[in-house]
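Residue indices begin at 1 and follow the sequence shown.
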Amino acid sequence: MTYAPGIEEFIDRSNAAIPLDFYKLPLDEQRSMYVGLKDVFEFPLPAGVTSVDETVDGHTFRIYRPDTLRGDGVICYIRAGGFVVGSLETHDSVVAELAANTGLISVALDYRLAPEHPFPAPLEDCYGALVALVAGAERYGFDPAKVVVTGESSGANMAVVLCMMSRDRGGPAIRGHALISPVLNFARWRTGGEDAPLLTGGEMEYYTACYCPDPATTEEPYVSPLLNGEFHDLPPAYVMGTELDSLLVDSRQYAEQLEKQGIPVTLVVEPGLVHSSIRARGLSAGAAEAWRRFCAHSALLTEGAVR
């Protein structure tokens, strides 16, 4: 196993802050540790970006606006955290950087957490926030025909499913979607699985049980798209996988499914990177470049371009 420069230090610092078995701790301790990663990996908010929280019909989202816009599209971001940990605050710098790097309005969609709120509650929260956001496009200052949905890990799962839901429900017209290490087959983890750096089989089993307390739910198309999902009429995609991630297979299989439907898709496997490597962008030149590449492709998707 060969790590990209800086990634071994990233893994060591992550494991020192959050032990591999942290998912066995009480929920409040898990969530507190996850919040603490902001102090372990500090990222100053970029200059020239302001943010404001909006709540519409009970759905909350945070809008990040660059002082100088370079386009009229909008990029929605759904955070990682296994549906169990995380908040708008834990990924504040990520979405602020997305806005700064692209010059586009970027929006963090908020959602309630499992296990208190299992499937489909987090998903419906994100869909409701997306609908409310697009309904207010004129007020917020973007073109509703240029909406891109993005996400990382569990957030990437919901980004894919939001595209499916919008297609199935006649919802917002999503122009593209961009994914980082999506988890798209939860049945694979129902009874554990392989360990990888910063993502153990036990952790994945725990997150699966939290999101889907009924085992049968793991085979729902809106939970595990790779099992029973339908991929026709989905928008173009950019999929970032990382070489040393146990979820890389999901990225590859999803790209294959889109290709079979004739949907434009770009799959990039970032060498030497592990799960959650976006958090390593301050330590690893490879992670920083992967993040810049992801931002650039997300912006291209708002204009209907894929390369």
Side-chain angles (χ1 to χ4, degrees), residues 1-23 30-43 77-98 108 113 150-159 178-184 186 189 193-208 210-211 239-251 268-295 298:
M1 185 178 295
T2 302
Y3 297 126
I7 293 300
E8 188 166 9
E9 179 184 352
F10 168 63
I11 293 171
D12 290 343
R13 288 173 62 176
S14 296
N15 286 336
I18 297 184
L20 292 176
D21 62 351
F22 88 107
Y23 61 90
Q30 294 179 41
R31 290 169 176 163
S32 177
M33 284 184 169
Y34 194 79
V35 169
L37 288 174
K38 286 187 64 176
D39 298 325
V40 178
F41 304 103
E42 292 187 83
F43 296 97
Y77 188 90
I78 309 176
R79 65 180 183 270
F83 307 99
V84 174
V85 297
S87 65
L88 291 177
E89 299 306 324
T90 59
H91 290 73
D92 192 39
S93 65
V94 171
V95 192
E97 285 182 27
L98 182 61
L113 297 175
T150 71
E152 181 181 5
S153 193
S154 55
N157 171 282
M158 289 194 283
L179 315 173
I180 301 172
S181 303
V183 51
L184 299 173
F186 278 92
W189 301 103
E194 63 183 293
D195 293 340
L198 302 185
L199 191 66
T200 67
E203 184 180 0
M204 286 299 298
E205 180 181 4
Y206 169 76
Y207 287 148
T208 299
C210 287
Y211 190 50
V239 184
M240 172 189 151
T242 54
E243 181 187 14
L244 305 178
D245 187 355
S246 56
L247 298 180
L248 176 58
V249 62
D250 295 47
S251 294
V268 175
V269 179
E270 299 291 357
L273 298 190
V274 298
H275 196 72
S276 300
S277 282
I278 296 305
R279 190 175 284 118
R281 63 195 184 277
L283 294 172
S284 166
E289 180 56 31
W291 174 235
R292 286 192 292 269
R293 188 164 27 249
F294 178 85
C295 293
S298 297

What pair of heavy atoms forms the shortest contact from [X] to [Y], and how long is it?
{"X": "Ser153", "Y": "Leu247", "answer": "OG-CD1, 4.2 Å"}
{"X": "Tyr207", "Y": "Gly82", "answer": "CD2-O, 3.6 Å"}
{"X": "Pro271", "Y": "Ala4", "answer": "O-CB, 3.8 Å"}
{"X": "Ala156", "Y": "Gly151", "answer": "CB-O, 3.3 Å"}
{"X": "Ile78", "Y": "Ala159", "answer": "CD1-N, 3.8 Å"}
{"X": "Arg281", "Y": "Glu97", "answer": "NE-OE1, 2.9 Å"}

**Request:** Determine yes or no for a side-chain-to-main-chain donor-acceptor pair under 3.5 angstrom, with Ser181 supplying the side chain and Gly241 the backbone.
**Result:** no
**Whether Arg31 side chain and Val84 backbone form a donor-acceptor pair below 3.5 Å** = yes
**Prompt:** Going through the distances and angles, do Val85 and Tyr23 end up as a side chain to side chain contact (heavy atoms under 4.5 Å, CB included)?
**Reply:** CA-CA 10 Å; Val85 297; Tyr23 61 90; over 6 Å; no
Hey, what do you get for [atom1] ([X]) to [atom2] ([Y]), rounding to the nearest 0.5 Å?
{"X": "Thr90", "Y": "Arg279", "atom1": "OG1", "atom2": "CZ", "answer": "7.5 Å"}
{"X": "Trp291", "Y": "Met240", "atom1": "CH2", "atom2": "CE", "answer": "9.0 Å"}
{"X": "Cys295", "Y": "Ile278", "atom1": "SG", "atom2": "CD1", "answer": "8.0 Å"}
{"X": "Arg79", "Y": "Ser87", "atom1": "CZ", "atom2": "OG", "answer": "6.0 Å"}
{"X": "Asn157", "Y": "Glu152", "atom1": "CG", "atom2": "CD", "answer": "13.0 Å"}
{"X": "Ser32", "Y": "Phe22", "atom1": "OG", "atom2": "CZ", "answer": "11.5 Å"}

**Given Leu244, Thr242, Leu199, Asp245, the one that forms side-chain contact (heavy atoms from CB on, under 4.5 Å) with Val274** = Leu244
**Asked** Mind checking what makes salt bridge (Lys or Arg N to Asp or Glu O under 4.0 Å) contact with Asp250, not counting sequence neighbours?
**Response** Arg188
**Asked** So Phe186 and Phe83, would you call those rings parallel, tilted or perpendicular, with 30° and 60° as cut-offs?
**Response** tilted
Do the non-hydrogen side-chain atoms of [X] and [Y] ever get within less than 4.5 Å of each other?
{"X": "Val35", "Y": "Glu89", "answer": "no"}
{"X": "Val269", "Y": "Ser251", "answer": "no"}
{"X": "Phe10", "Y": "Leu273", "answer": "no"}
{"X": "Phe294", "Y": "Glu289", "answer": "no"}
{"X": "Phe41", "Y": "Ser276", "answer": "no"}
{"X": "Pro19", "Y": "Met33", "answer": "yes"}
{"X": "Leu198", "Y": "Asn15", "answer": "yes"}
{"X": "Tyr3", "Y": "Pro197", "answer": "yes"}

**Request:** With sequence neighbours excluded, give me every salt bridge (charged side-chain N to carboxylate O under 4.0 Å, His left out) pair touching residues 10-22.
**Result:** Glu9-Arg13
**Other residues, nucleotides, ligands: >12 heavy atoms within 6.0 Å of Glu243 CD** = yes
**Item:** Qualifying residues under side-chain contact (heavy atoms from CB on, under 4.5 Å), relative to Asp195, sequence neighbours excluded
**Value:** Thr200
**Message:** For a quick check under 3.5 Å, do Tyr34 and Gln30 share a side-chain donor-acceptor pair by atom type?
**Reply:** no
